[in-house]
Amino acid sequence: MRLLPTDLIDITEATQPQFGHYQCNSAMKLVKRSDLNLNVKNPRQIAEKLVLAIEENLQLKTPLFSKIEIAGPGFINFTLDTNYLSSVINEQLHDSRLGVTLPNKHLKVVIDYSSVNIAKEMHVGHLRTTIIGDCLARVFRFLGHNVLGLNHLGDWGTQFGMLIAYIKTIQPEITENAPVKATSTELVQWYKASKQRFDNDAEFKTQAQQEVVALQSGNPVSLRIWKEICDISRQAYEEIYKLLDIKIVERGESFYNPHLPDVIAELEAKKLITISEGAKCIYLEGFTNREGDELPLIVQKKDGGYNYATTDLAALRHRVQDEKADWIIYVVDAGQTLHFQMVFAAAKKAEFYNPNKVQVDHVPFGLVLGPDGKKFKTRSGDTEKLIDLIQGAIQKAKTLLLERHKENSEEMDMDEAATILGINAIKYADLSCHRLGDYVFSYDKMLKFEGNTAAFLLYAYVRIQSIQRKVNSDIPQLIASGAKIVLEQPEEIALGLLVCQFSEVLDNTIRELLPSRLTDYLYTLAEKFHLFFHQCRVEGSPQQNSRLLLCKTVSDVMHQGLSLLGLKPLERM
Ligand code: ARG
């Protein structure tokens, strides 16, 4: 249930409590729209008309507002009627979807995220795409859309020629039937060693290039080694996905390899290809380099090899034509913004998608920084291994929990609780920072029990559970008996209003593709809950039933909200 219809005029949450609950600034914009023939010069007059229309149309059944006020040049401030709010929250109390209606049209949403690289270590940058992508996927699914989460693995390309050539030199006994012997860590070392050799040894370079050709033409030994390499890497990243509770479909770059010649043929047929220094390029308006020269998108190199961009064009075409996507989302670091702008522009030009029918978005994000404010590195200067980072958070969480529960540590499974808290903390720290900014990775900060942290939210949730245990009232029974929430005290009204805004917040999260909208909301919800809890006695008060039920709606929203962030609740902490 939406609290207000927002399709015609733009009504947003009030920025200050003295402006009521919602505000509308549309009069100032409408007055400038000559095409509307409003024949008024003063936005206040438009505001008056809007208010009149709203009063006529919306106030009919139960009054929605206790006050609608026009302020300044034409701002409209709305204060919701408390009875109306009570009726909405009581409806929500009976609704297993917490007031979130299913859409008229179920969209097919393809989300490209995580997208790790084979034979390279997963690093902290992959953490962001994985966590943000997973959260968006969860919200879209809950809103009733059909989500296909794709792991666009870096599992193809010249680096495999290098690696296969290298493996053949150190394990010459390899055949189609005798597999590669290596751990994922060794693989990463080999990758580095092969790269070095590739750059310094001309003979090796030629070998590597021949290996790429052999692989692409389906040589069985090369293919076998390639598959082995992928399997070894897969074990490493699947361990991380399991720990983080990430479910994603693997569809790496190699999947599109058979489509690449056809993509080039289609681009050629559409006369979009220009040859420049032997390479096949697409020139797109508006893309120039620092010198002001036109910047080409290279889709086939001089030697016939294809690029990252070629695969992305093939992937986009496949997602539109075969997957029938309505919305395609790429959760990839901000460093790749230009790449995606050019790929999208080229795909539009090639009519791989119709922008009026399919929405395509790059969802960029900033860097993870170390405590020194620089790009996150280990002490030795290497990129921190993701698995070590996660294990570190779990260790810290355990120390903290043991400290808090010195006396009663045997009452809970400390390892389980520490794993949940540690992982929640990492995920929440990432999601709660506006994704466009960089953020500083700090165990101490993310594991704090106060402030905008996972622990603070979990604690609010745990507290509600303990109130419910203490009062020991059968809540389903209470609801079935027809007991109602009555919002009276300012703290109850403020909390109730937030509970009713859950659906709106999810819409905003998706519209802006911004998980921090949801974390901000849950943080405010937890804060307002604490305020309510301090001011309004639950146990033994005349309003016990109403307040217990209000707590239940908060707990339900909190539980659902945490799960949409990919966080797990704790019953005690
Ligand atoms: N594997 C790439 C990287 O780690 C990200 C791929 C993103 N997805 C895409 N369709 N290009 O940088």
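Each ligand, and each atom within it, is numbered from 1 in the order the structure gives. Just so you know, residue 1 is the first one in the sequence shown, and it goes up from there.
- A cation-pi contact, defined as under 6.0 Å to the ring centre and within 45° of the axis, is absent between R128 and Y113.
- In this structure, R317 is positioned above the aromatic face of F352, its NZ or CZ under 6.0 Å from the six-membered ring centre and within 45° of the axis.
- Contact residues for ligand 1 (protein heavy atom closer than 4.0 angstrom to any ligand atom): D112, S115, N117, H126, H152, Y308, D312, Y330, V332, Q336, F340.
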Enumerate donor-acceptor pairs with a distance under 3.5 Å from any side-chain N or O in residues 290-305 to protein atoms, sequence neighbours excluded.
residue : atom : partner : partner atom : Å
Q300    : OE1  : K280    : NZ           : 3.3
Q300    : NE2  : G304    : O            : 2.8
D303    : OD1  : G305    : N            : 2.8

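- A ring-ring contact (aromatic ring centres under 6.0 Å, His included) check over residues 254-288, counting only residues at least two apart or in different chains, returns the pairs H152-Y256, F255-H259, F255-H318, Y256-H318, H259-H318.
- Although no hydrogens or angles enter the test, the distance criterion places a donor-acceptor pair under 3.5 Å between the side chain of H362 and the main chain of V332.
- Every residue two or more places apart in sequence or in another chain that forms a side-chain hydrogen bond (donor to acceptor under 3.5 Å, both in side chains) with E228 is listed here: R224.
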